[in-house]
Amino acid sequence: MSKTDQTQTQHELIANRRDKLNRWREAGIDPYPHTYERSHKSQDVLEQYDALEGQSVSVAGRIVSLRPHGKSTFFHILDGEGKLQCYAKKDQLGDEPYERLGWLDLGDFVGVTGEVFKTRTGETTVAVREYKLLAKALRPLPEKWHGLVDKETRYRQRYLDLVSNEEVREVFRVRARIIAAIRNFLDARGFLEVETPVLQPIYGGAAARPFVTHHNALDAQFYLRIADELYLKRLLVGGYERVYEVCRDFRNEGIDRDHNPEFTMVELYAAYFDYRDIMNLFRELIIEVTTAARGKPSFEFNGQDVDLTKPWREVPLLDIIKEKTGLDFSDPNAEKARKGAESIGVDIPDDASYGKIVDDVFSERVQPELVEPTFLTDYPLEISPLAKRHREKAGLVERFELFMAAREVGNAFSELNDPDDQRARFEAMAEAARRGDVEAHQVDEDFLTALEHGMPPTGGLGFGVDRLTMTLTGLTSIREVILFPTLRPLGSHATEPSAEG
RNA sequence: GGGGGUGUAGCUCAGUGGUAGAGCAUCUGACUUUUAAUCAGGUGGUCGAAGGUUCGAUCCCUUCCACCCUCACCA
């Protein structure tokens with residue numbers, strides 16, 4: 001918020017705090033000292049009360065409640081792990097230091113040294129012998145009781161959300177545990193974590209519209225990656241047998257509760273694996289990650305407990321559609337498919353292809369019922385340009401998608417390593433692009449050259465960390481699992497005219 | 001992009017075609033075991049922005065901005 005946005009009230013609140021800041025300075029005390037040595041964190045004091053009772057501790061944190069009672073004062077500090085109450089008495093602290101307590105505000109950081117005891121009501125508390133202002137806060141924090149609920153402020157000023165809402169702090173701890181567990185799982189199985197370019201001269205590995213940017217010194221156009229797939233496969237050509245990347249991808253598409261323009265995927269590739277080996281690996285990974293995030297291999301979905309230790313179903317895509325709707329889509333005929341879809345009341349756009357019709361019926365009638373983890377297999381070749389042909393079934397590829405909690409949580413295949421077939425697939429996509437498909441792959445000659453040098457048979461997998469976090473935390477908006485979700489910029493930059501192209 | 005909703009004090013929210021309220025925060029005073037501390041008193045608002053209707057608009061109308069929900073597209 002700029003200063004011109006401040007109302008009079010806000011000015012006054014800030015002016016009050018600046019007055020207090022000046023009082024500290026006039027007393028010769030630096031309101032922003034460099035360090036503070038603490039002996040314990042709040043959680044240590046609470047958990048080790050029996051050992052610490054009567055002992056002196058030094059703790060530090062932000063003042064989140066402040067209750068002066070004349071010659072004594074209670075306050076809580078919030079540190080990285082939790083809250084701890086402190087109790088200051090004038091006779092114990094001395095007249096001047098006690099008077100300076102009045103120069104503190106909610107939001108200030110303080111360090112406190114004193115003995116641990118319990119109050120009459122049983123709350124573990126530090127009896128303040130000395131304290132030190134560690135950083136003055138010039139702006140007021142959100143209210144203590146209702147906290148901060150305005151979503152726009154929560155996302156734009158996430159730090160305020162984190163200060164006032166403990167459950168939000170916990171969400172991002174869970175997210176961190178999920179990512180750490182993924183790394184532990186893969187590292188333990190010999191996967192090498194790598195980093196590949198975000199700036200790519202040709203984008204690929206997914207069907208999406210990219211962000212376009214420009215490098216001045218090279219005077220060249222680059223795209224922010226939409227996937228890292230084609231780079232990871234180059235590493236398989238180079239001889240690494242197992243690689244993965246925790247990969248921030250960027251897709252220039254709509255924003256809603258399931259989509260943020262930048263999001264985090266994990267992609268992994270394993271030489272001499274096929275999609276069935278990946279299936280087994282992924283099941284183990286999900287169980288291990290879920291256990292790390294939640295303490296047990298299960299999660300809640302709409303009040304229902306989803307137990308991941310039960311057997312996971314595997315079923316071909318068309319079979320489960322038939323099972324849930326009674327419709328047989330085995331004949332790849334758009335007209336027939338349309339009649340079927342309309343017979344069960346699924347609206348189909350006029351220009352929909354066979355594949356699109358199947359997908360619409362699936363999304364509307366099948367996906368919402370896939371609560372227990374389910375591997376869907378046997379995807380059509382046309383929509384899988386990077387997957388290897390099915391070893392038995394014509395027109396299909398060796399691919400699966402994992403669904404659970406009515407959400408797609410992963411996509412994997414036996415990777416296409418025949419360079420001639422890959423070229424043909426790219427050319428088919430290029431043809432689609434010429435017909436107007438803005439998301440179709442570009443022909444990536446450099447990648448084809450890599451494949452022509454030989455890539456071992458490989459299984460690959462990609463899954464979205466944000467959506468996995470949503471599933472495991474039960475949150476329904478992707479913005480709740482991304483610390484700083486993409487929002488429209490405020491102010492003059494928002495209305496700057498942009499060159500259309 | 002279509003449809004619906006929201007926007008009032010720092011925060012959480014009421015409210016009305018006649019010039020705006022509460023709780024918390026803030027300020028003043030009282031208070032040495034409180035914890036949504038309590039008690040007494042006070043300050044604080046371009047009612048998202050700009051137009052229009054009206055004697056008069058925070059309220060009705062139009063446009064715009066931001067966010068949320070939903071549909072379409074995608075992971």
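Since we're looking at a predicted model, the values are computed, not measured. Values below: all heavy atoms of this structure, side chains included; hydrogens, waters and symmetry mates excluded. A note on names: the letters A, B, ... follow the listed sequences, proteins ahead of strands, and every chain is numbered from 1.
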Considering only atom [atom1], compute the distance from [N] to [M] and round it to an integer number of Å.
N: B:U38; M: B:C64; atom1: C1'; answer: 48 Å
N: B:G45; M: B:U58; atom1: C1'; answer: 11 Å
N: B:C31; M: B:A14; atom1: C1'; answer: 33 Å
N: B:A37; M: B:A49; atom1: C1'; answer: 42 Å
N: B:A36; M: B:A50; atom1: P; answer: 42 Å

Separation of atom [atom1] in [X] from atom [atom2] in [N], rounded to whole Å:
X: A:H11; N: B:C27; atom1: NE2; atom2: P; answer: 18 Å
X: A:L13; N: B:U43; atom1: CG; atom2: C1'; answer: 10 Å
X: A:H146; N: B:A25; atom1: NE2; atom2: P; answer: 12 Å
X: A:Q10; N: B:U26; atom1: CD; atom2: C1'; answer: 13 Å
X: A:D91; N: B:U32; atom1: CG; atom2: P; answer: 10 Å
X: A:E143; N: B:A36; atom1: CD; atom2: P; answer: 13 Å
X: A:R257; N: B:U70; atom1: CZ; atom2: P; answer: 4 Å

Under 4.0 Å between any heavy atoms, over every strand shown, what does [X] touch: base, sugar-phosphate, or nothing? Just pick one.
X: A:A207; result: sugar-phosphate
X: A:N260; result: base
X: A:F463; result: nothing
X: A:E123; result: base

cation_pi(A:R399, A:Y379) dist<6.0 Å, angle<=45: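 Pair A:R399/A:Y379 counts as cation-pi.
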Axial cation check for A:Y49 ring with A:K118, 6.0 Å and 45° limits: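 Here A:K118 passes the 6.0 Å and 45° test against A:Y49.
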Within 6.0 Å of CD in A:E401, more than 12 heavy atoms from elsewhere: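 Yes.
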Salt-bridge contact A:D79-A:K41 (side-chain N to carboxylate O under 4.0 Å):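 Here A:D79 does not pair with A:K41 in a salt bridge, since their nearest N and O are not under 4.0 Å apart.
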Does the structure show a Watson-Crick or G-U wobble partner for [N], both distances under 3.5 Å? Name it, or say none.
N: B:G10; value: B:C24
N: B:C39; value: B:G29
N: B:G1; value: B:C71

Pair A:F413 and A:Y275, ring centroids less than 6.0 Å apart: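 For A:F413 and A:Y275, the ring centres are not under 6.0 Å apart.
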Under 3.5 Å between N/O atoms: give me all the protein pairs with nucleotides 2-6 of chain B, atom names plus distance.
none

Side-chain donor/acceptor contact of A:S72 with base of B:U33 under 3.5 Å: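 For A:S72, whose side chain was compared with the base of B:U33, there is no donor-acceptor pair (under 3.5 Å).
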For [N], does either OP1 or OP2 sit under 4.0 Å from a side-chain N or O belonging to [X]?
X: A:R120; N: B:U34; answer: yes
X: A:R67; N: B:U38; answer: no
X: A:K144; N: B:A25; answer: yes
X: A:K151; N: B:U12; answer: no

Selected nucleotide, minimal atom distance to A:L487 side chain, candidates B:C73, B:U12, B:C67: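 Between B:C73, B:U12, B:C67, the one nearest the side chain of A:L487 would be B:C67.
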Salt bridge (charged side-chain N to carboxylate O under 4.0 Å, His left out) evaluation trace for A:R225 with A:E245: CA-CA 13 Å; A:R225 68 181 167 200; A:E245 181 167 15; 3.1 Å; yes
